[in-house]
There are 2 protein chains.
Amino acid sequence: MKSLVSRCPIEEVMQILSGRWPTLLIYYLKQGTKRFSDLRRDNPTISHKMLTLELRKLEDAGIVERTEFDGYPLRVEYQLTPAGHRLVPLIDALGEWWETTSSAAAQCSSVDAEPVIPNTVSRD
Amino acid sequence: MKSLVSRCPIEEVMQILSGRWPTLLIYYLKQGTKRFSDLRRDNPTISHKMLTLELRKLEDAGIVERTEFDGYPLRVEYQLTPAGHRLVPLIDALGEWWETTSSAAAQCSSVDAEPVIPNTVSRD
DNA sequence: AGTAAATTACGCACCTTTTTGTAACCACGA
DNA sequence: TCGTGGTTACAAAAAGGTGCGTAATTTACT
């Protein structure tokens with residue numbers, strides 16, 4: 001989905017939140033400041049390419065803030081912006097809606113639980 | 001995004017709502033019952049294949065209901081299920097969040113306005 | 001002392017997988 | 001023949017994965 005088809009804010013948000021990673025990253029970032037490698041540990045199945053791309057997208061959208069500490073090994077920290085924090089309950093609401101809608105599985109209730117550990121562990 | 005990486009309801013909802021069409025279709029369906037061809041008129045840029053695919057997905061997710069009236073030119077109607085209706089305000093909230101977050105464009109406020117008419121008009 | 005390896009957060013190029021578009025076809029009856 | 005609501009096969013496009021290179025400094029070996 002690269003271009004928009006309507007000029008509706010809803011389509012614009014979905015352009016940012018669509019896909020597997022944006023909401024998961026927001027999920028982990030609401031726990032506080034995280035470094036690149038922390039986020040990779042949080043979801044071992046994301047490739048570094050995807051992670052940088054998604055973080056960049058969230059940054060451009062004003063949802064996360066990137067802080068670069070120079071010095072070497074070079075350290076970068078990511079955290080939710082105020083706008084990002086305001087977004088969290090809306091996403092949680094979707095999760096809750098889904099839980100009540102589908103009689104199926106119910107884990108990771110909203111703010112506390114962890115998204116039941118991602119599967120394969122690939123390091124590179 | 002075919003498979004899940006966590007067992008988090010949020011990832012599951014996003015699997016359904018991700019992409020350009022799901023939210024747009026829900027947007028149009030909240031106006032009431034629509035037929036296949038109505039929805040194609042509503043967003044002329046969707047291909048009929050995508051439309052059937054997306055409608056099927058929303059149907060499986062319990063968001064829309066499909067009613068087939070047998071008869072001569074064959075008529076099918078789509079409408080939001082109660083769960084679908086409950087979802088609408090949540091999506092609208094995302095749109096509003098985006099409007100207040102981005103200083104940029106503000107059209108299609110939430111419930112009333114129309115997603116500023118899709119661009120190209122391709123009929124087949 | 002000198003070289004090698006590891007570290008962190010990427011960018012880039014190449015290749016595979018997934019998604020989406022295009023076009024053709026089907027059934028029925030007016 | 002047209003319009004309805006599809007399906008299927010094939011092609012194009014987009015998304016995503018893999019692996020290599022890079023920076024400056026520390027630690028590890030020889």
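In this text the structure is predicted, and so the values were computed from the model without any measurement. Naming convention: chains lettered A, B, ... in sequence-line order (proteins, then strands); numbering from 1 in each chain.
- Nearer the 5' end of DNA chain C, as judged by each residue's closest nucleotide, is the contact made by P73(A), out of P73(A) and M1(A).
- In this structure, R56(B) does not reach the dG5(D) phosphate: none of its side-chain N or O atoms is under 4.0 Å from OP1 or OP2.
- Contact check, S37(B) against dG5(D): a side-chain N or O comes under 4.0 Å of OP1 or OP2.
- Here the C1' atom of nucleotide dA13(D) and the CE atom of M50(B) are 12 Å apart, to the nearest Å.
- Atom CD of E77(B) is separated from atom C1' of dG5(D) by 13 Å (rounded to the nearest Å).
- You won't find any donor-acceptor pair under 3.5 Å spanning the side chain of H48(A) and the base of dG17(D), going by distance alone.
- Here dA27(C) presents its C1' atom at 18 Å from CZ of R75(B), a figure rounded to the nearest Å.
- Atom P of dG21(D) sits at a distance of 16 Å from the matching atom of dA4(C), rounded to the whole Å.
- Here the closest non-hydrogen pair linking Q15(B) and K2(B) is NE2-O, 2.7 Å.
- Both W21(A) and D38(B) lie near DNA chain D, and the one whose nearest nucleotide falls closer to the 5' end is D38(B).
- The distance between atom CG of D70(A) and atom C1' of dA9(C), rounded to the nearest whole Å, is 13 Å.
- OP1 or OP2 of dG5(D) lies within a sub-4.0 Å distance of a side-chain N or O belonging to R35(B).
- Panel note: side chain R20(B), backbone S3(A); a donor-acceptor pair is recorded below 3.5 Å.
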